[in-house]
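Below is one structure; the comments refer to it alone.
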Amino acid sequence: MISIKELSFSWPKQKAILKINALEIKTGESIFLQGPSGSGKSTLLSLLAGINQPSSGTIEILNTNLSELSAGKRDKFRSEHIGYIFQMFNLLPYLSVIENVTLACEFSKKRKVKALQKSKTVIEEAKRLLNHLEIPEQLFCQNILNLSIGQQQRVASARALIGSPELLIADEPTSALDQASREAFIKLLFKECKSAGTTLLFVSHDETLKPLFERYVCLKTLNEANS
Amino acid sequence: MNMFTLAKKSLLNRKSTVLLTLLTIAVSVMLLLGVERIRTQAKASFANTISGTDLIVGARTGSINLLLYSVFRIGHATHNVSWQSYENIKKHSTVKWAIPLSLGDSHKGFPVLGTTPDYFKHYKFAKKQPLAFAQGHAFKKQFDIVLGASIAKKLGYKLNDEVVVSHGAGNTSFHHHDEHPFTVVGILKPTGTPLDKTLHLPLIAIDKMHDSGAHAQVHEHEHDHEHHNHDIDLIGEPKQITAFLLGLKSRIGVLTLQRSINTDEKLTNNEALLAIIPGLTLRQLWEMLSMVEQVLLVISGFVVVSGLLGMLTSLLTSLNQRRRELAILRSLGARPWQIGMLLVSESVLLTATGCIIGIGLLYAVQLTTATQLQETSGLQLSFTWLTQHEMLLIAGVLLSGLLVGLIPAWRAYKYSLSDGMSIRV
């Protein structure tokens with residue numbers, strides 16, 4: 001699924017802030033990528049999402065070398081193959097729950113087609129996902145500001161999962177949740193990723209979540225630029 | 001959901017700033033269209049003041065000055081025209097009709113015009129539109145008076161009311177001709193010209209009021225005057241008048257007669273007279289005022305620019321707070337140009353809505369102030385749908401709105417490239 005080789009990244013005229021010799025992630029795996037602040041988590045995620053380009057080395061996702069794609073093609077690749085969950089406040093406040101979830105299909109035809117393979121309409125697929133993530137039906141058409149933080153994170157997950165992207169990147173999605181909600185959320189996320197065959201890359205600095213995942217990667221150790 | 005719908009929903013989420021921005025644009029569009037409408041309609045109203053008159057003759061002065069005091073009742077004549085010269089020119093073979101004008105008196109600040117009943121027959125405005133009476137008729141007796149529409153409305157005069165004329169023009173007069181009160185016998189329909197603010201009375205009454213018996217021979221007896229067939233002489237034989245209007249048998253002779261009046265000493269009895277073609281002088285006058293016209297347009301243009309700058313400020317200041325929103329859209333696969341398009345869509349939506357509100361405001365203001373405007377300035381603004389020129393102005397505003405939107409769009413594009421999906425605001 002993901003293959004990183006001799007990756008190095010630095011901002012212009014600055015020393016490298018990320019150096020990873022090798023990292024392989026298999027399809028369907030759930031990875032817990034842990035690292036303290038400043039360990040290069042955000043930099044790695046922006047490289048995986050194709051926002052930034054490595055200074056050297058390669059990143060292959062689904063056998064596609066991101067460095068060989070133009071900026072526009074990287075955007076397209078991201079919208080078609082990668083779902084993204086932010087830390088918090090990651091929904092658009094002026095859209096309803098359903099509109100937020102279906103928004104992902106507006107930027108990718110491929111994900112729209114995949115959503116339509118599962119349900120009759122994109123809206124029905126959004127409702128199906130929201131039901132799976134235990135969002136009460138009466139909230140579907142409501143403004144997201146009427147939802148609790150936990151509910152908002154589940155809506156964000158539904159948006160990232162609609163159209164079954166091959167890779168789901170979750171950037172500290174549980175930091176605003178309490179312990180019980182955190183575990184419940186992650187279990188739901190696992191369930192959805194499994195049923196969609198999605199690889200999960202879960203990024204957090206919270207080590208207590210480590211046992212829940214199939215594999216643990218410590219970025220502090222992995223990133224040679226820190227040493 | 002396309003970028004336009006997204007832009008609309010995003011704008012609705014920022015109601016207070018959006019409303020203020022809309023108000024700024026709407027007011028500036030209203031001002032632009034309002035100034036443009038007043039400018040074009042004032043120009044039309046100006047040109048419409050007199051028509052069907054071939055020449056205006058007065059004592060030698062500037063042609064614009066003659067037009068201003070004889071038609072617009074602005075300013076004063078420095079000299080008068082002798083009755084003898086008037087009679088000579090009237091008898092010219094090419095002249096069809098001649099109407100004497102005697103100005104100088106007033107009533108509560110409104111100008112008084114001494115003339116003949118022919119005035120109501122031959123004087124035309126707009127596109128050769130004759131004068132019409134809303135009530136009553138032209139004067140038939142020496143102390144009859146006909147009022148312009150605005151005066152009757154403003155001063156509340158009705159038929160048979162008595163009116164006292166004051167000596168001299170202007171709002172304040174120390175001498176009132178209260179020994180000769182006039183009776184209102186006619187009220188004219190509105191014309192949208194200075195006529196609406198003029199009181200018309202028989203020429204003979206002017207001399208009688210001033211008690212210049214030596215200069216005029218007043219005949220109260222039956223008299224078959226050659227000018228008209230009224231029972232009572234309404235002209236007398238005044239020594240001098242302010243100016244007179246001429247209608248010719250054929251327009252071909254206009255230039256010849258004009259030259260003759262301006263140069264032929266025999267015709268004018270050695271009197272220095274000036275004949276002007278009203279249409280030509282009106283055009284000269286408007287050309288003189290074109291500077292003001294241009295300044296007005298430039299000012300209203302600046303008002304629109306400031307409105308659009310207000311929108312730019314609002315979009316740019318909100319942009320920093322919206323970097324999270326842009327990052328979310330990027331994470332969903334939105335290309336940087338799509339993010340830019342979102343901002344352009346917002347500015348186009350704001351400008352278009354501002355224009356629609358501005359047009360609505362224009363009509364609302366026009367509706368509420370039309371009467372007052374007509375009463376105070378005599379300007380009659382017609383309720384017409386937007387002209388082609390006004391639509392072009394709106395299109396210009398919309399295009400400017402789109403261009404202004406490119407600035408925050410470019411900033412948003414740069415933000416989305418640099419921020420990517422990392423939200424650090």
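Atom set for the values below is all heavy atoms of this structure, side chains included, hydrogens, waters and symmetry mates excluded. What you see is a predicted model; the values in this text were computed from it and never measured. Quick note on labels: first sequence line is chain A, next is B, and so on, each numbered from 1.
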Exercise. How close do B:Ile328 and A:Leu91 get, heavy atom to heavy atom, and via which atoms?
Worked result: CD1-N, 4.0 Å
For this session: Kindly check if the number of other-residue, nucleotide or ligand heavy atoms within 6.0 Å of CD (A:Gln138) is above 12?
Result: yes
Seminar exercise, completed: Separation between NZ (B:Lys9) and CG (A:Leu92), nearest 0.5 Å, reads 11.0 Å
For this session: Mind jotting down which residue pairs meet the salt bridge (charged side-chain N to carboxylate O under 4.0 Å, His left out) criterion with at least one end in residues 387-398 of chain B? Sequence neighbours excluded, please.
Result: B:Arg37-B:Glu390
Exercise. Is there a side-chain contact between A:Phe107 and B:Leu329 (heavy atoms, below 4.5 Å)?
Worked result: yes
Problem set entry | A:Leu95 side, atom CG; B:Asn13 side, atom CG - distance, nearest 0.5 Å | 8.5 Å
Problem set entry | Contact check, side chains of A:Ser79 and B:Arg335, non-hydrogen atoms, under 4.5 Å | yes
Seminar exercise, completed: Contacts satisfying salt bridge (charged side-chain N to carboxylate O under 4.0 Å, His left out) that involve residues 12-31 of chain B (not counting sequence neighbours) are B:Arg14-B:Glu346
Exercise. What's the shortest heavy-atom distance between A:Arg78 and B:Ala334, and which atoms?
Worked result: NH2-O, 4.2 Å
For this session: Verify the neighbour count for atom CZ of B:Phe302: are there more than 12 heavy atoms of other residues, nucleotides or ligands below 6.0 Å?
Result: no
Problem set entry | Heavy-atom neighbours of A:Lys114 NZ exceed 12 at 6.0 Å | yes
